Amino acid sequence: MPGQVPLSVVILTKNEAARIADCLQSVAWAEDILVVDDESTDETERIAESFGARVLRRKMDIEGRHRNWAASQANHEWVLSLDADERVTPELAREIQGLLANGAPYETYAIPRRNYIGQQWIRHGGWYPSAQLKLFKKSVFQWEETTVHPRAISDRPWGTLHHDLIHYSYRDRADFIAKQDGHTTREAQKWLMDGRRVSLAKALWRTVDRVVRSYFLKQGFRDGAVGVFVAWMAAKYQWVSYRKYREAKRQPRGSGRRET
């Protein structure tokens, strides 16, 4: 059953039966645990309810809009936003509990994350500490309402917590590749929705830039072979997004694709 710390933990899920239990166990100390489920067809909802979580069903349309709606359903002003593949460490839990008990000096907080591919923690290439605004007062915070990688928006200064959130980003390299296919589709849609003009030259520059930044400037080479893989995937993300963007722009009007 949920604990007694006056905090709402809001967790987004879709077919996460294999991972949701570990996420819920890591935040059992929070008073309000809300799972917003994107029409799962597995046991995600049943497992969440067995932990005493509230479960609301909502089809994800635009990621940023979905996250804003989920946060608005929280019972408490303070919200910790998680995905099912994230885990709160005991050290981070104690830090958050102490912060709320003693009066937080800020209204939004970034939390450093340890990102994993399988069981390997990716320490370089820009993957760590990779802090994100995850703990906030819902009245002063929202996400950009866009399809992929929505930006956190708040006009308040923020603090950064000291302890890490564990993020099992990808089950393995195959999972990384499969998920990137969906991400690049949504990235291309985002460029179209925003009316961006992305040229071949700009796409090529971004592709090369991501390799240089990830592998050399952010020292991805220190992660060995996986550092090469991460840099390659960062470059591929830009190039494939561009190809999908160009393909969508070539679609005739009325085909169901949005044009700039």
Side-chain angles (χ1 to χ4, degrees), residues 10-16 19 36-42 44 56-72 81 83-85 115 117 125-127 130 132-133 142-153 167-215 220 228-260:
V10 178
I11 306 169
L12 301 189
T13 61
K14 184 177 180 64
N15 293 329
E16 290 286 1
R19 300 195 287 188
V36 177
D37 187 69
D38 180 13
E39 300 183 351
S40 290
T41 56
D42 62 7
T44 299
L56 299 177
R57 288 176 64 87
R58 184 182 189 273
K59 176 69 175 176
M60 182 184 287
D61 45 7
I62 293 175
E63 183 182 345
R65 182 183 300 161
H66 189 68
R67 290 186 179 278
N68 286 332
W69 184 89
S72 73
S81 176
D83 292 334
D85 58 4
N115 294 295
I117 298 176
W127 279 45
S130 183
Q132 288 188 345
L133 291 175
Q142 65 178 348
W143 280 276
E144 174 190 21
E145 294 200 348
T146 192
T147 56
V148 64
H149 301 146
R151 294 173 297 176
I153 300 172
H167 183 207
Y168 292 109
S169 313
Y170 306 100
R171 293 178 174 87
D172 50 34
R173 295 190 188 190
D175 185 42
F176 193 160
I177 293 168
K179 286 182 177 177
Q180 190 175 88
D181 182 52
H183 290 160
T184 53
T185 297
R186 291 189 289 275
E187 185 73 31
Q189 292 170 348
K190 178 179 177 179
W191 295 352
L192 290 169
M193 291 172 64
D194 292 348
R196 298 188 196 180
R197 295 179 179 273
V198 183
S199 66
L200 174 60
K202 188 171 185 179
L204 287 170
W205 179 84
R206 283 180 169 177
T207 300
V208 174
D209 175 70
R210 294 310 185 270
V211 171
V212 172
R213 272 205 269 175
S214 177
Y215 193 72
V228 176
F229 174 74
V230 167
W232 163 250
M233 292 300 290
K236 184 180 177 183
Y237 183 94
Q238 296 299 320
W239 182 246
V240 173
S241 295
Y242 171 73
R243 288 180 57 188
K244 291 181 177 181
Y245 162 81
R246 292 300 307 167
E247 179 184 351
K249 283 184 70 71
R250 286 195 295 267
Q251 294 295 319
R253 293 186 181 275
S255 65
R257 304 254 188 166
R258 179 167 179 163
E259 299 187 328
T260 58

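These numbers come from a predicted model, not from an experiment.
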>> Applying salt bridge (charged side-chain N to carboxylate O under 4.0 Å, His left out) to E63 and R67, what does each step give before you reach the verdict?
In response: CA-CA 6 Å; E63 183 182 345; R67 290 186 179 278; 3.1 Å; yes
>> Between M193 and T147, does the side chain to side chain contact (heavy atoms under 4.5 Å, CB included) criterion hold? Intermediate values first, please.
In response: CA-CA 9 Å; M193 291 172 64; T147 56; 3.7 Å; yes
> Can you check side chain to side chain contact (heavy atoms under 4.5 Å, CB included) on W239 and L204, steps first, answer last?
Replying inline: CA-CA 7 Å; W239 182 246; L204 287 170; 3.7 Å; yes
>> Walk me through whether R19 and R171 qualify under side chain to side chain contact (heavy atoms under 4.5 Å, CB included).
In response: CA-CA 11 Å; R19 300 195 287 188; R171 293 178 174 87; 3.3 Å; yes
>> Pair T13, V36 - check side chain to side chain contact (heavy atoms under 4.5 Å, CB included), show working.
In response: CA-CA 6 Å; T13 61; V36 177; over 6 Å; no
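Ring geometry for F176 against F229 counts as perpendicular: the plane angle is over 60°, on a 0 to 90° scale with 30° as the lower cut.
Environment of CZ in R243: sparse, with no more than 12 heavy atoms of neighbouring residues, nucleotides or ligands closer than 6.0 Å. Under a cut-off of 6.0 angstrom, the local environment of NZ in K179 is crowded, with over 12 non-hydrogen atoms contributed by other residues, nucleotides or ligands.
Here the side chain of N68 pairs a donor or acceptor atom with the backbone of G64 at under 3.5 angstrom. For the pair D37 (side chain) and R57 (backbone), a donor-acceptor distance under 3.5 Å is absent. Under a 3.5 Å cut-off, the side chain of N15 and the backbone N or O of S40 do not form any donor-acceptor pair. Using modelled atom types, one side-chain atom of Y245 and one backbone atom of V198 make a donor-acceptor pair closer than 3.5 Å. For the pair D194 (side chain) and R196 (backbone), a donor-acceptor distance under 3.5 Å is absent. Q238 contributes no side-chain N or O that, together with a main-chain N or O of T207, makes up a donor-acceptor pair within less than 3.5 Å.
Pairs of residues two or more places apart, or lying in two chains, never qualify as salt bridge (charged side-chain N to carboxylate O under 4.0 Å, His left out) while including a residue from residues 182-192.
By the side-chain hydrogen bond (donor to acceptor under 3.5 Å, both in side chains) test, S241 is found to be paired with no residue, residues two or more places apart in sequence or in another chain being considered. Partners of W69 by ring-ring contact (aromatic ring centres under 6.0 Å, His included), not counting sequence neighbours: none found.
Closest non-hydrogen pair, I11 versus D83, comes out as CG2-C, 4.0 Å. The shortest non-hydrogen separation linking W143 to P150 is CD1-O, 3.8 Å. In terms of heavy atoms, H183 sits closest to V148 at O-CG2, 4.3 Å. Taking both residues in full, the closest heavy atoms of R206 and W191 are given as NH1-CZ2, 3.3 Å, listed atom of the first, atom of the second, then distance. Taking each heavy atom of I117 and V230 in turn, the nearest pair found is CD1-CG2, 4.0 Å. Looking at every heavy atom in both residues, E16 comes nearest to A84 through CG-CB, 3.5 Å.
The OH atom of Y242 sits 6.5 Å away from the OG atom of S199 when rounded to the nearest 0.5 Å. In this structure, the separation between CG on D61 and CG on D38 is 9.0 Å, given to the nearest 0.5 Å. The distance from the CD atom of E145 to the CZ atom of R65 is 5.5 Å, given to the nearest 0.5 Å. Between S214 atom OG and W127 atom CH2 the span is 8.5 Å, to the nearest 0.5 Å.
By the 4.5 Å heavy-atom criterion applied to side chains, D85 and H167 are counted as neighbours. At a threshold of 4.5 Å between non-hydrogen side-chain atoms, the residues M233 and Q180 count as touching.
A salt bridge links D181 and K244; the closest N-O separation between the charged side-chain nitrogens and carboxylate oxygens is under 4.0 Å.
Because its NZ or CZ atom is not both nearer than 6.0 Å to the ring centre of W232 and within 45° of the ring axis, R173 does not count as a cation-pi partner of that residue.
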